[in-house]
Amino acid sequence: MNAWPDFVFPDESGFTNQMLDEYLASGYYRMQHLLFTTHATQVNIEGNELPVFWLRVPVKNILEKKGALTVRKKCAHFNVVFGEAIINQEIDDLYSIYKSKMDFEAANTCGSYLHDANIPNPFSSHTVQVRDGSTLIAVGYFDIGAKSMAGILNFYHPDYKKYSLGKYLMLKKLDFARDNNFDFYYTGYISTETNKFDYKIFPDENAMQVFLPVQKQWLPYQQLGKQKLAEYFENYIR
């Protein structure tokens, strides 16, 4: 991986185990069945193209703060199940309800968000489902490598907004990372021009790292913050 193609197509071995670890550590992230870099990434919100930066957290460094403990307590009565990634009508129905309340562009279905019908899934993908009794209220998807995992998608029923289910899904993925002795949990991206994705630095901002794609370095997020990242984008990426 000496060159920096914007997009990487999978070969017959896919993106699993140590290979996924290496790509994630080099600033690549998933879009359907491809990997892509920050150089090729901006998020469209209300017609504006906003820059983003990738985040990760060393699992062993996380010290959950009061906010994380509060979310865990609020959601303790829900049922949580991990398993291999699936998409069914129940999940797609929940995604559609969630999407109807979003104010930024997203795929029409959960399946089209995650998959390209023309390419076999090259990832080792898993899901976490949260239920209130028998009712599905939240779903999260993530990919695993040998020693790291990447959060891909979280969504939940808007009627349960007060439970902070997006954060709860992150905490449950963190539990999975701890239980499987992963070194890193890649939580997604943050943008310098909106606060919509700031929850990605939850539950421990002090432990979070951000990727500088030109230097190919992970640095402490707190060392930079949004202002310095915005300057970096203007100087190196735009």
Side-chain angles (χ1 to χ4, degrees), residues 43-46 48 50 52 55-57 59 62-83 85-114 125-142 149-179 185-208 221-222 225-226:
V43 176
N44 188 303
I45 297 181
E46 298 176 348
N48 298 312
L50 307 183
V52 297
L55 299 167
R56 75 178 185 184
V57 61
V59 174
I62 294 177
L63 297 175
E64 293 185 18
K65 304 297 192 297
K66 181 179 179 181
L69 300 177
T70 298
V71 171
R72 287 189 183 275
K73 184 176 180 180
K74 286 194 301 183
C75 297
H77 62 290
F78 296 139
N79 300 314
V80 178
V81 177
F82 290 95
I86 62 169
I87 301 172
N88 55 30
Q89 191 61 54
E90 182 183 35
I91 289 173
D92 250 340
D93 288 346
L94 178 60
Y95 178 87
S96 294
I97 295 170
Y98 174 79
K99 181 180 180 299
S100 70
K101 301 297 183 180
M102 291 192 300
D103 58 357
F104 55 91
E105 293 184 5
N108 288 327
T109 66
C110 179
S112 59
Y113 183 102
L114 293 170
S125 302
H126 293 252
T127 188
V128 51
Q129 298 185 29
V130 182
R131 293 182 181 272
D132 183 6
S134 62
T135 302
L136 182 67
I137 61 172
V139 178
Y141 290 89
F142 57 97
M149 59 180 284
I152 305 303
L153 174 64
N154 291 334
F155 53 93
Y156 56 88
H157 199 293
D159 288 351
Y160 287 79
K161 183 177 181 180
K162 69 178 182 179
Y163 290 98
S164 303
L165 288 173
K167 291 181 178 180
Y168 186 58
L169 287 168
M170 290 184 66
L171 290 170
K172 298 314 294 181
K173 290 178 183 180
L174 176 57
D175 290 344
F176 185 96
R178 287 172 171 147
D179 290 344
Y185 169 26
Y186 292 78
T187 63
Y189 51 73
I190 197 167
S191 175
T192 56
E193 296 187 23
T194 181
N195 295 327
K196 291 182 181 295
F197 310 112
D198 286 5
Y199 70 93
K200 299 291 180 69
I201 63 176
F202 177 86
D204 185 2
E205 181 176 337
N206 294 329
M208 195 63 60
Y221 174 77
Q222 280 204 326
K226 287 194 175 184

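Please read all numbers here as calculations on a predicted model, not as lab measurements. What you see below is based on every heavy atom in this structure, not just the backbone, and it leaves out hydrogens, waters and symmetry mates.
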Practice problem: Drop me the distance from S100's OG to Y95's OH, to the nearest 0.5 angstrom. | Solution: 11.0 Å
Quiz item: Rounded to the nearest 0.5 Å, how far does NE2 of H157 lie from CG of L94?
Solution: 7.0 Å
Practice problem: Applying salt bridge (charged side-chain N to carboxylate O under 4.0 Å, His left out), run through K73 and E64 and close with a yes or a no. | Solution: CA-CA 13 Å; K73 184 176 180 180; E64 293 185 18; over 6 Å; no
Exercise. Could you label the plane-to-plane angle of the F78 and Y163 rings as parallel, tilted or perpendicular, counting under 30° as parallel and over 60° as perpendicular?
Key: perpendicular
Practice problem: Examine distances only and state if a side-chain atom of D92 and a backbone atom of T109 form a donor-acceptor pair shorter than 3.5 Å. | Solution: no
Quiz item: Do Y199 and M170 have side chains that get closer than 4.5 Å, going by heavy atoms?
Solution: yes
Quiz item: Is it true that a side-chain atom of K173 and a backbone atom of Y168 form a donor plus acceptor pair closer than 3.5 Å?
Solution: no
Quiz item: If you round to the nearest 0.5 Å, how far is CG of L114 from CD1 of I87?
Solution: 4.5 Å
Quiz item: When M208 is tested against each of I190, I62, V57 for side chain to side chain contact (heavy atoms under 4.5 Å, CB included), which residue passes?
Solution: V57
Practice problem: Please round to the nearest 0.5 Å and tell me the distance separating atom CZ of F197 and atom CG of N195. | Solution: 10.5 Å
Quiz item: Is atom NZ of K65 surrounded by more than 12 heavy atoms (other residues, nucleotides or ligands) closer than 6.0 Å?
Solution: yes
Self-check item: Donor-acceptor contact below 3.5 Å, side chain K200 vs main chain R56
Solution: no
Show which side-chain atoms of residues 126-138 pair as donor or acceptor with protein atoms under 3.5 Å away, not counting sequence neighbours.
from, atom 1, to, atom 2, distance (Å)
T127, OG1, G140, O, 3.1
Q129, OE1, R131, NH2, 3.3
R131, NH1, E90, OE2, 3.0
R131, NH1, S134, O, 2.9
R131, NH2, E90, OE1, 2.9
D132, OD2, Y160, OH, 2.8

Self-check item: Main-chain N/O of S164 paired to Y156 side chain as donor or acceptor, under 3.5 Å
Solution: no
Self-check item: Under 3.5 Å donor-acceptor, D204 side chain and L63 backbone
Solution: yes
Quiz item: How far does CD1 of I91 sit from CD1 of I86, to the nearest 0.5 angstrom?
Solution: 4.5 Å
Practice problem: Would you name the heavy atoms of L171 and A68 that are closest together and state the gap between them? | Solution: CD1-O, 3.6 Å
Exercise. Might you work through the salt bridge (charged side-chain N to carboxylate O under 4.0 Å, His left out) test for K226 and D198, ending with a clear yes or no?
Key: CA-CA 10 Å; K226 287 194 175 184; D198 286 5; 2.7 Å; yes
Quiz prompt | Residue pair I201 / Y221, side-chain heavy-atom distance below 4.5 Å | solution = yes
Quiz item: With a 6.0 Å cut-off on ring centres, are Y185 and F142 close enough?
Solution: no
Quiz item: Is any side-chain heavy atom of F155 less than 4.5 Å from a side-chain heavy atom of L165?
Solution: no
Self-check item: Qualifying residues under side-chain hydrogen bond (donor to acceptor under 3.5 Å, both in side chains), relative to D175, sequence neighbours excluded
Solution: R72, K172
Quiz item: Under 3.5 Å, is there a donor-acceptor pair between the S191 and T194 side chains?
Solution: no
Quiz item: Side chains of P158 and I97: does their closest heavy-atom pair fall under 4.5 Å?
Solution: yes
